[in-house]
S.K.: 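This is the structure I want to talk about, given as structure tokens.
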Amino acid sequence: MPQIRRLPSELVNRIAAGEVVERPAAALKELVENAIDAGAHRIGVVLAEGGLQRLEVVDDGCGMGPEAMALALERHATSKLPDSLIGADGAIELVTTLGFRGEALPSIASVARLTIESREAGAAEGWRRVVDHGAVLSDEPAALPPGTRVRVEELFAKVPARRKFLRSARSEYAACLDVVRRLAMARPDIAFTLETAGEGGKRTVLSLQAGEELATRVARIIAHELKDNSVAIALERETPYGLMRLTGVAGLPTWNRGVADHQYLFVNGRPVKDRLLVGAVRGAYADMLARDRHAVLALFLDLPPQDVDVNVHPAKTEVRFRDSAGVRGFIVSGLRQALATGDRRSAQGPDRAAMARWVSEPVMEQGEFLPSRLREGQGVGTPQSPLWPPQAHPNPETRPGLRAGGEREGLLLRDATLAWSQPQPMPMGRAEEAAPVSAEAQSYPLGIARGQVANTYIVAEAADGVVLVDQHAAHERLVLERLRAAGAEEGVRRSQALLVPDVIEMDEVDCDRLEDAAEGLARYGLVIERFGPAAMLVRAVPSAIAKADTAKLLTDLADDIAKHGKQEDSGALLLAERLELVLATMACHGSVRAGRTLSVAEMNALLREMEATPRSGQCNHGRPTWVKLSMEDVEKLFGRH
């Protein structure tokens, strides 16, 4: 009969390490969080081979003495839980530090060579302790400035079963970089540096100064363009235990990515990857982005400790909220409110690659400036023999042959002058006389229409540049907003009862999810009810998707709820998105098509309506409806800047 026995402490630490330290990035996260909790103002990180060979964290925090250092390497020993949170009457959920379990250092020391050097402020000397896979190798004084230096080497070197599951040095480096970025984003008051060590010496990858504004720190970490293509978020709401606050930076819907890796979410300064928060972000952008595109943002949710439980995951990357529905609604409303202040904006400038494709004036060889018939004295100006070749632009000052000087230059210039003096056929096109711009018109954000290109793009002149508008994409958004204002959304949601209700057999867990979300689904026209332990009864479906396969619909909805959680308004994000697609299709067919000729009055009417319509900066698929070329960019194209 198997005997129950206590496991050796070394084995216990290795088991704990499997939960906390599964890769170098996890060890790095624990060490940087310790530095933050120690009150550091500057944190430096050094990586060798992505942390597989060595990782080092140096801080200028409070430091430790010899006794505290020895105690820190014991399991469940920590300084982060005050006496008021310990004991039968304590409330551990009130913890405000990033770490609190006291497992990280002993877990790391059991699967790697760990060197800790630390010195308290005002102490005469520091102390060093080296532990190699659980065995103490040295315990001695050390010389170093106040603060702590922790070095982790040869992670899992003596645990080959774990070592072989680590990824390449490049993949581990990317994970470590993501950890530092997230923690640095959460604390703009702390200076961060990240260096990589190799055969060629050290290379600085990240260098962030302390005291930066939140928007500046976020833009430096994610992308510099984010600062000009985002809106600030600042929202507060009272809770029974205090104030809940949402701050951060949200990218415009037109400035999106193909993956969700650029969504940074924080709860009380702690980086998290929580499905409720991810679902709230998706819900806020639901009618502004295509399903395969993702918003770029950094959200910081701060709320009283009583309203959130951070002790639900070994790595503390997931949290549990006391009022999850209230938190989700708060985030969705905060994001939508912030985006409403910039919803008429589009991506703030043309793409760099598009700017690089502007064609400069072609350089022609000497003697090729004028057509051969002009050099030979033939007639000019007939429709069958145009004066200038299609790619030739008459700019004598830039031609090498005309800058050389001499008789040939004078001859060509005289011939060119003669050619221009002859009556020539003018290019044919639709145009209207430009009226003087009134003072009121100068304040229009999208400017005054000046013409139309390819019967698709409106060219407008604004006070600070040139605006190009995609007439179909813009009108598609305007029609969608009109449909909503006219109540078409309610019509799409209207239920259509089934003559014979459908019975859909499903897993019991999926049935539980759908039953829990039934009230929200009913508001969107899908009426379902439980039909035994492993089946659902569909009584009505939204009229807009009356022909949908109900079995597949319910399966997809259950999967969506499992991934993003229940939505209080619609029950499931997927149902809201499907009905939104119906509205978007109606708007697409009812909008101005590309290729339609518009008068200047029609163009100006479209511009004015765009300025007054919510979310007019992006079409129903998240693409920009307009872009602006600033006068500075125009001047650069002509070499005037």
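Side chains are part of it too, since the values below use all heavy atoms of this structure and drop only hydrogens, waters and symmetry mates.
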S.K.: For the atom pair CG (Leu629) and CD (Glu635), what is the distance rounded to the nearest 0.5 Å?
M.R.: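 Spacing of CG (Leu629) from CD (Glu635) equals 10.5 Å.
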
S.K.: Examine distances only and state if a side-chain atom of Ser324 and a backbone atom of Phe321 form a donor-acceptor pair shorter than 3.5 Å.
M.R.: no

S.K.: Can you give me the closest heavy-atom contact between Ser495 and Ala540, atom names plus distance?
M.R.: CB-CB, 4.0 Å

S.K.: Looking at side-chain heavy atoms only, is the closest gap between Asn268 and Leu301 below 4.5 Å?
M.R.: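 Result no, sub-4.5 Å side-chain heavy-atom pair not found.
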
S.K.: Please report the closest heavy-atom contact between Ala184 and Leu208, naming both atoms and the distance.
M.R.: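 Looks like CB-CD1, 3.7 Å.
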
S.K.: Output, in order, the C-alpha distance, side-chain angles, deciding distance and verdict of side chain to side chain contact (heavy atoms under 4.5 Å, CB included) for Leu478 and Leu606.
M.R.: CA-CA 9 Å; Leu478 300 182; Leu606 182 65; 3.4 Å; yes

S.K.: Quick one: do Arg181 and Asp178 make a salt bridge, cutoff under 4.0 Å?
M.R.: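 Judged by the 4.0 Å cut-off on N to carboxylate O distance, Arg181 and Asp178 do not form a salt bridge.
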
S.K.: Would you indicate whether the side-chain heavy atoms of Asp560 and Arg282 approach each other to under 4.5 Å?
M.R.: yes

S.K.: Please round to the nearest 0.5 Å and tell me the distance separating atom CG of Leu553 and atom CD1 of Ile504.
M.R.: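 The CG atom of Leu553 sits 9.0 Å away from the CD1 atom of Ile504.
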
S.K.: Taking it one step at a time, do Asp516 and Arg513 satisfy salt bridge (charged side-chain N to carboxylate O under 4.0 Å, His left out)?
M.R.: CA-CA 5 Å; Asp516 190 37; Arg513 294 187 180 117; over 6 Å; no

S.K.: Judged by atom type as modelled, is there a donor-acceptor pair below 3.5 Å linking the side chain of Arg450 to the main-chain atoms of Ile458?
M.R.: no

S.K.: Name the one of Asn229, Ile222, Val218, Asn256 that satisfies side chain to side chain contact (heavy atoms under 4.5 Å, CB included) with Val296?
M.R.: Ile222

S.K.: Considering residues at least two apart in sequence or located in another chain, which fulfil the salt bridge (charged side-chain N to carboxylate O under 4.0 Å, His left out) criterion with Lys547?
M.R.: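 For Lys547 there are no salt bridge (charged side-chain N to carboxylate O under 4.0 Å, His left out) partners, ignoring immediate neighbours.
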
S.K.: Check step by step if side chain to side chain contact (heavy atoms under 4.5 Å, CB included) holds for Asp510 and Thr555.
M.R.: CA-CA 8 Å; Asp510 289 339; Thr555 302; 5.8 Å; no

S.K.: Rounded to the nearest 0.5 Å, how far does CD of Glu609 lie from CG of Asn604?
M.R.: 13.0 Å

S.K.: Do Tyr524 and Pro542 come close enough that some side-chain heavy atom pair is under 4.5 Å?
M.R.: no

S.K.: Give a yes or no on whether the backbone of Leu246 and the side-chain of Glu236 come within a donor-acceptor separation of less than 3.5 Å.
M.R.: no

S.K.: Given side chain to side chain contact (heavy atoms under 4.5 Å, CB included), test Leu557 with Leu514 step by step and report yes or no.
M.R.: CA-CA 8 Å; Leu557 290 176; Leu514 291 172; 4.0 Å; yes

S.K.: Which residues pass the side-chain contact (heavy atoms from CB on, under 4.5 Å) test with Ala284, sequence neighbours left out?
M.R.: Val332, Leu335, Arg336

S.K.: With a 3.5 Å cut-off and no angle check, do the side chains of Arg257 and His294 form a donor-acceptor pair?
M.R.: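 No, His294 and Arg257 have no side-chain donor paired with an acceptor closer than 3.5 Å.
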
S.K.: Can you name the residues that form a ring-ring contact (aromatic ring centres under 6.0 Å, His included) with Phe266, not counting sequence neighbours?
M.R.: Phe300

S.K.: Can you tell me how far the CD atom of Glu602 sits from the NE2 atom of His475, to the nearest 0.5 Å?
M.R.: 10.0 Å

S.K.: Minimum heavy-atom separation for Arg328 and Gly283, please, with both atom names.
M.R.: NH2-CA, 4.1 Å

S.K.: Charged N to carboxylate O below 4.0 Å: is that the case for Asp189 and Arg217?
M.R.: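 Judged by the 4.0 Å cut-off on N to carboxylate O distance, Asp189 and Arg217 do not form a salt bridge.
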
S.K.: Are any of the side-chain heavy atoms of Ile233 and Val249 separated by less than 4.5 Å?
M.R.: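 With C-beta onward as the side chain, the pair stays apart.
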
S.K.: What is the distance from atom CG of Asp302 to atom CZ of Arg245, rounded to the nearest 0.5 Å?
M.R.: 6.5 Å

S.K.: Shortest non-hydrogen contact from Gly617 to Trp626?
M.R.: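 Heavy-atom minimum between the residues: CA-NE1, 3.9 Å.
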
S.K.: Side chains of Pro271 and Leu183: closer than 4.5 Å at any heavy-atom pair?
M.R.: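 In short, these two side chains touch, coming nearer than 4.5 Å.
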
S.K.: Do the side chains of Arg539 and Asp502 get close enough for a salt bridge, i.e. N-O under 4.0 angstrom?
M.R.: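 No salt bridge links Arg539 with Asp502.
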
S.K.: Scan residues 468-479 for pairs that pass salt bridge (charged side-chain N to carboxylate O under 4.0 Å, His left out), counting only residues two or more places apart or in two chains.
M.R.: Arg477-Glu481

S.K.: If you define the side chain from C-beta out and look only at heavy atoms, does anything of Gln452 sit under 4.5 Å from Met603?
M.R.: yes

S.K.: I'd like to know if Arg220 pairs up with Glu212 as an ion pair, taking the criterion as any Lys NZ or Arg NE/NH1/NH2 lying under 4.0 Å from an Asp or Glu carboxylate oxygen.
M.R.: yes

S.K.: Between Leu243 and Arg237, is any pair of side-chain heavy atoms under 4.5 Å apart?
M.R.: no

S.K.: With side chain to side chain contact (heavy atoms under 4.5 Å, CB included) as the criterion, how do Val538 and Thr550 come out once you've worked through the C-alpha distance, each side chain's angles and the decisive distance to 0.1 Å?
M.R.: CA-CA 8 Å; Val538 182; Thr550 53; 4.3 Å; yes

S.K.: Examine distances only and state if a side-chain atom of Thr613 and a backbone atom of Ser616 form a donor-acceptor pair shorter than 3.5 Å.
M.R.: no

S.K.: With side chains defined as the heavy atoms from C-beta onward, is the minimum distance between Val467 and Val627 less than 4.5 Å?
M.R.: no

S.K.: Does Arg596 offer a backbone N or O that forms a donor-acceptor pair with the side chain of Gln471 under 3.5 Å?
M.R.: yes

S.K.: Kindly give the heavy-atom pair with the smallest separation between Leu289 and Pro253, and that separation in Å.
M.R.: CD2-O, 3.1 Å

S.K.: Under the rule for side-chain contact (heavy atoms from CB on, under 4.5 Å), what residues qualify as partners of Thr239, not counting sequence neighbours?
M.R.: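 Scan of Thr239 (side-chain contact (heavy atoms from CB on, under 4.5 Å), adjacent residues dropped) gives Tyr241, Met244, Pro304, Asp307.
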
S.K.: Has the side chain of Thr456 got a donor or acceptor atom that lies under 3.5 Å from a matching backbone atom of Ala454?
M.R.: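 Yes; judged by distance alone, with no hydrogens or angles, the pair exists.
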
S.K.: Considering residues at least two apart in sequence or located in another chain, which fulfil the side chain to side chain donor-acceptor pair (under 3.5 Å) criterion with Arg608?
M.R.: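 Arg608 satisfies side chain to side chain donor-acceptor pair (under 3.5 Å) with Glu611 once adjacent residues are dropped.
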
S.K.: Please give me the minimum heavy-atom distance between Ser333 and Leu235, naming the atom from each residue.
M.R.: OG-CD2, 4.1 Å

S.K.: Verify, without hydrogens or angle tests, whether Thr254 (side chain) and Pro624 (backbone) share a donor-acceptor contact under 3.5 angstrom.
M.R.: no

